[in-house]
Enquirer: 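Sending over a structure as structure tokens; questions will come in a sec.
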Number of protein chains: 2
Amino acid sequence: MVKQLSERLDATFAALADPTRRGMLATLAHGEATVSDLAAPYEMSLAAASKHVKKLENAGLVSREVKGRTHICRLDATVLREAHEWTERYQKFWAGRLDALEAALKTASLEKKLENLDNE
Amino acid sequence: MVKQLSERLDATFAALADPTRRGMLATLAHGEATVSDLAAPYEMSLAAASKHVKKLENAGLVSREVKGRTHICRLDATVLREAHEWTERYQKFWAGRLDALEAALKTASLEKKLENLDNE
DNA sequence: TCAATTGTCAACCATTTGGTTAAATATAAA
DNA sequence: TTTATATTTAACCAAATGGTTGACAATTGA
């Protein structure tokens, strides 16, 4: 059952809305890590950390390979890319507004110049 | 009271993790809108929509100007830019750009240092 | 075989979230 | 002034979240 984009964004943004989970992703940016590795920096129980990893996995941000009794986790940035693209649209919108502002200012100064020309 | 980057990311990502709120931002990308305007596309009560707007505002994604009995809302992409930059670091990692990965790790450790400084 | 390690699962708890309805507030219009 | 409009607030509810502890399963090492 493949989730729709909107639902994937829900899960991705929700997964990112927690400093522990963002920290785990930062750890994974260095390379693969076990659940214990990911849990190590935090004071919470392993069970709690395990839930965070599961949430990252459910969002599709992390993939897991069970190897013996350890679970090897890796960063999977596919859904993260969707989140990045979502925010990018609004960034571009904002940049566009700023461009429009620049354009407005340019037009204003151009008008002034034209007026000055008329006065010459 | 200015929030730390980490807390701003918490609030921003949490605000984005809901389709109603993302829809409201999409509406605001067309231009300013009142709370009623933002609520219109949804079946929920105005009170419920009002809470969503408040959450967007608290995250800093939306600014509000009270004008008579209406509240005019506008998109404020400042914190969105932070979220965009955060996802960008990991998205670049996924794209296999090792130089970007280095930069991401540097930024991450710098971020930690800055936050540690703030905590002292 | 027995003990330690890795991790999940179940049950529980407090807090947050996202919704409701009803009442309150403030402004605008008649 | 009275009424209608725009919005928030309060009280409430069910479900989700983020944590705990304790038991369990699987694997590894002694």
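Throughout, a chain's letter reflects where its sequence line sits, starting with A, and its residues are numbered from 1. Side-chain atoms are counted along with the backbone in the values below, which use heavy atoms only and exclude waters and symmetry mates.
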Enquirer: Give the rounded distance in Å between these two atoms: CG of A:D10 and C1' of D:dT17.
Expert: 15 Å
Enquirer: Go through C:dG7, D:dT20, C:dA22 for me and flag the one nearest to the B:A47 side chain.
Expert: C:dA22
Enquirer: Side chain of A:S50 only, please: which of C:dG19, C:dT21, C:dT8 is the nearest?
Expert: C:dT8
Enquirer: Report yes if some heavy atom in the side chain of A:L25 is under 4.5 Å from a heavy atom in the side chain of A:L56; otherwise report no.
Expert: yes
Enquirer: Would you mind reading off the distance between A:K51 atom NZ and C:dT8 atom P, rounded to a whole angstrom?
Expert: 12 Å
Enquirer: When you get a sec, tell me which of C:dG18, C:dG7, C:dG19 is the closest nucleotide to the side chain of A:V35?
Expert: C:dG7
Enquirer: If you check every side-chain atom of B:S36, which of D:dT7, C:dG7, C:dG18 has the closest atom?
Expert: D:dT7
Enquirer: Given atom CD of B:E65 and atom P of D:dT7, what is their separation to the nearest angstrom?
Expert: 13 Å
Enquirer: Nearest whole angstrom, please: distance from the C1' of D:dT20 to the CE of A:M44.
Expert: 12 Å
Enquirer: Between B:I72 (CD1) and C:dA26 (P), how many Å, whole number?
Expert: 19 Å
Enquirer: Has the side chain of B:N58 got a donor or acceptor atom that lies under 3.5 Å from a matching backbone atom of B:K55?
Expert: no
Enquirer: Where the side chain of A:T70 is defined as all heavy atoms beyond and including C-beta, which of C:dG18, C:dG7, D:dT9 is the nearest nucleotide?
Expert: C:dG7
Enquirer: Do B:R21 side-chain atoms and B:H52 backbone N/O form a donor-acceptor pair below 3.5 Å?
Expert: no
Enquirer: Round to a whole Å and report the spacing from OH of B:Y42 to C1' of C:dG18.
Expert: 14 Å
Enquirer: Mapping A:A17 and A:K67 onto DNA chain D by nearest heavy atom, which one lands closer to the 5' end?
Expert: A:A17
Enquirer: Specify the separation, in whole Å, of atom CG of B:L46 and atom P of C:dA23.
Expert: 17 Å
Enquirer: What nucleic acid atoms does B:T20 come within less than 4.0 Å of, heavy atoms only: base, sugar-phosphate, or nothing?
Expert: nothing
Enquirer: Look at the side-chain N and O atoms of A:H52 and state whether any lies under 4.0 Å from the OP1 or OP2 oxygen of D:dG18.
Expert: no
Enquirer: Would you say the base of D:dT27 and the side-chain of A:R69 have a donor-acceptor pair closer than 3.5 Å?
Expert: yes
Enquirer: For the side chain of B:R21, starting at C-beta, report the closest nucleotide among D:dT7, D:dT21, C:dG18.
Expert: C:dG18
Enquirer: Between A:R81 and A:E85, is there a side-chain N and carboxylate O pair less than 4.0 Å apart?
Expert: yes
Enquirer: Report the residue from B:L28, B:L61, B:L75, B:L16 that forms a side chain to side chain contact (heavy atoms under 4.5 Å, CB included) with A:Y90.
Expert: B:L75
Enquirer: I want to check one thing: is the phosphate of C:dG7, taken as OP1 and OP2, less than 4.0 Å away from some side-chain N or O of A:K54?
Expert: no
Enquirer: Report yes if a side-chain nitrogen or oxygen of B:S45 is closer than 4.0 Å to either non-bridging phosphate oxygen (OP1 or OP2) of C:dG19; otherwise report no.
Expert: no
Enquirer: Can you measure A:F13 atom CZ to C:dT17 atom C1' for me and round it to whole angstrom units?
Expert: 18 Å
